[in-house]
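Structure below; questions to follow.
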Amino acid sequence: MSQEKILIIAVKRNQQTEDRFQSSLDELISLGKTAGGTVEKVVTQKRNRIHPATYIGEGKIVEIKEMIDEDEIDLVISNDELSASQMRNLTDQIGVRIIDRSQLILDIFAMRARTKEGKLQVELAQLEYMLPRLHGQGVAMSRLGGGIGTRGPGETKLESDRRHISRRIFDVKRRLKLVVKQRDQYRKRRKNNDVFQIAIVGYTNAGKSTLFNRLTESESLEEDLLFATLDPLTRKLSLPSGFDVLITDTVGFLQELPTSLIASFRSTLEEVTASDFLLHVVDGSHPDQAQQQDTVNNLLDELQAQNLPMLTLYNKKDLIQEDFIPMNHPYIRMSAYDETDIQAVLQKVEEILINEWESYHIVLEPDNGKLINKLTTETIIKDKAFDEKANNYVINGFIKKEHSLNSLLKEQ
């Protein structure tokens, strides 16, 4: 299938800084590539405010029409979310399909979703996005199933049946509730079993999946594309002391994520809130990394996960500039491809936990093998020695305050 030719339109408002505007454009170009298109042209306009009827001014529309004919453009993508009337007016005037940033992100999510829950969440977000915009979709919807922005729940002739979408939304929400309930049960079981959970978070394309794969030696999708991972993957991992944890790779965060998506992806991101520890992966070489870290930190605030212990990993250290100043502490500079760095990350996680946890000292008989094993995998043992005279094990370590073994250790 040949790649669709894309033209991007973007309005820079006075209150936007040049850097912020440029980074949102770069991101949109990258999103277009991820969706399988090639960006041929970018048209920008400076305005005090967005044109209420057509997003951009009349003069620019004439310019855009000429470019569409010259470069045989298939699709126009707007950098901002468009209202139904803006979409309709623009489509009428320029004569090719037009979608906005939100639709593009939803489209990529539709492409990437693998699990039942992921697919349902994308479908819900797309349907809720489409419902108020049906009028503007006339031309586009008659070309269903073809090209960027039309993937996902587009098989039905949506513009002819609002009721159909409303019914479908109701049905998808009902099915999602069941899936979310199931996930909650798994979570509770893990909590009840004192399983320690680490979540990898970060801006999209910061290197989370690469790190996850190196840590767990698994085959999560690793691509230089935005949103390569959509469904949370969880694997088991042993830290240097023998302490066992579950580690989860989560969906990449993004500035200006469509509101419909934030709502429907809550349950995917709830893996983050159910965690005990966060690894925040940052592309340390990215020119806009300060903004990216803010985006992630703000989303963590929204999810009420800002108080979880966190280690920031400034990834791609070979590309990091000399004058680099880390925003978050504690932190490590690293490369996900360097085995020494991977081990350093695991060591650092243990160090942070040791500072937060309670210390314990216990003496056990040799026939207490089951408890010794439990202490090895569920706590951080600093030293374990066998006293031959007394014929027992002397163990010193650190344990999470809420762990069920605590009461037993206090009795000793």
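Throughout, numbering of the chain's residues begins at 1 and tracks the sequence. Everything numeric here is computed off the predicted structure, so don't read it as measured data.
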Give me the atom names and distance for the closest heavy-atom approach of Leu82 to Asp100.
N-OD2, 2.8 Å
For Lys12, enumerate each residue passing the salt bridge (charged side-chain N to carboxylate O under 4.0 Å, His left out) test, keeping only those at least two apart in sequence or located in another chain.
none
Measuring only between side-chain heavy atoms, which start at C-beta, is Phe324 closer than 4.5 Å to Arg333?
yes
Can you list the residues that meet the ring-ring contact (aromatic ring centres under 6.0 Å, His included) rule with Phe277, with sequence neighbours excluded?
none
Drop me the distance from Thr54's OG1 to Arg88's CZ, to the nearest 0.5 angstrom.
13.0 Å
Side-chain (Lys401) to main-chain (Glu356) donor-acceptor, under 3.5 angstrom
yes
Lys/Arg-Asp/Glu bridge criterion (N-O < 4.0 Å) met for Arg97, Glu4:
yes
Spatial distance of atom CD1 (Ile68) from atom CD1 (Ile94) [nearest 0.5 Å]
4.5 Å
Please name all residues satisfying salt bridge (charged side-chain N to carboxylate O under 4.0 Å, His left out) with Lys389, sequence neighbours left out, ordered by chain then number.
none
Ion pair present between Asp71 and Lys5, side-chain N to carboxylate O less than 4.0 angstrom?
no
With side-chain contact (heavy atoms from CB on, under 4.5 Å) as the test, would you mind laying out the steps for Lys60 and His51 before giving the verdict?
CA-CA 11 Å; Lys60 280 286 176 195; His51 194 294; over 6 Å; no
For Glu378, salt bridge (charged side-chain N to carboxylate O under 4.0 Å, His left out) partners two or more places apart:
Lys374
Set of residues satisfying ring-ring contact (aromatic ring centres under 6.0 Å, His included) with respect to Tyr393, sequence neighbours excluded
Phe386
Side chains of Gln291 and Ser23, donor plus acceptor under 3.5 Å
no
Is there a side-chain contact between Val282 and Gln292 (heavy atoms, below 4.5 Å)?
no
Tyr55: ring-ring contact (aromatic ring centres under 6.0 Å, His included) partners, not counting sequence neighbours
none
Thr248 vs Ser275 side-chain heavy atoms within contact, under 4.5 Å:
no
Contact between Asp341 and Ile332 at the side-chain level, heavy atoms closer than 4.5 Å - yes or no?
no
Heavy-atom nearest pair, Pro330 first then Ile352, reads CG-CD1, 3.6 Å
Gln343 and Gln347 side chains, donor-acceptor separation under 3.5 Å
no
Is it true that the side chains of Asn298 and Glu302 contain a donor and an acceptor less than 3.5 Å apart?
no
I'd like to know whether Arg214 forms a side-chain contact (heavy atoms from CB on, under 4.5 Å) with Thr210, so could you lay out the CA-CA distance, the side-chain angles of the two residues, the decisive distance to 0.1 Å, and finally the verdict.
CA-CA 6 Å; Arg214 296 296 176 274; Thr210 309; 4.3 Å; yes
Is any side-chain N of the basic residue among Asp249 and Lys208 closer than 4.0 Å to the acidic one's carboxylate O?
no
Heavy-atom distance under 4.5 Å between the side chains of Val39 and Lys33, does that happen here?
no
Donor-acceptor contact present, side-chain Asp276 to main-chain Gln197, <3.5 Å
yes
Please check: side-chain N/O of Thr91 versus main-chain N/O of Met87, any donor-acceptor pairing under 3.5 Å?
yes
Could you report the tightest heavy-atom contact between Arg101 and Ile77, atom names first, then the distance?
N-CG2, 4.3 Å
Minimum-distance pair of heavy atoms, taken over all atoms of Glu81 and Ser102
OE1-OG, 2.6 Å
Just so I know, are the side chains of Leu375 and Ile362 near enough to count as touching, which here means a heavy-atom distance under 4.5 Å?
yes
Going through the distances and angles, do Ile9 and Leu90 end up as a side-chain contact (heavy atoms from CB on, under 4.5 Å)?
CA-CA 11 Å; Ile9 55 174; Leu90 272 171; 4.3 Å; yes
Side-chain H-bond candidate by donor/acceptor type, Asp194 with Ser404, under 3.5 Å:
yes
Flag side-chain contact, heavy atom, 4.5 Å: Gln121 against Leu176
yes
Consider only side-chain N and O atoms of Asp338 and Thr340, and report whether a donor and an acceptor are under 3.5 Å apart.
yes
Within a strict 4.5 Å, meaning less than it, do heavy atoms of the Ile200 and Ile247 side chains meet?
yes
Work out which heavy atom in Ile381 is nearest to a heavy atom in Tyr360; give both atom names and the distance.
CG1-OH, 3.6 Å
Within the distance-only criterion (no hydrogens, no angle test), does the side chain of Asp244 pair as donor or acceptor with the backbone N or O of Lys236 below 3.5 angstrom?
no
Is it the case that the side chain of Asn373 and the backbone of Gly369 share a donor-acceptor pair, with hydrogens and angles ignored and the cut-off at 3.5 Å?
no
Give, for atom CG of Leu31 and atom CG of Asp26, the distance between the pair rounded to the nearest 0.5 Å.
11.0 Å
Any donor-acceptor N or O pair under 3.5 Å, side chains Ser78, Asp80
no
List the atom of Asp294, the atom of Met327, and the distance in Å for their closest heavy-atom pair.
OD1-CE, 3.4 Å
Report the C-alpha distance between Asn328 and Asn297 in whole Å, list the side-chain angles of each, state the deciding distance to 0.1 Å, and finish with yes or no for side-chain contact (heavy atoms from CB on, under 4.5 Å).
CA-CA 10 Å; Asn328 295 325; Asn297 291 333; 3.7 Å; yes
With rounding to the nearest 0.5 Å, note down the distance linking CG in Leu300 to CG in Leu308.
8.0 Å
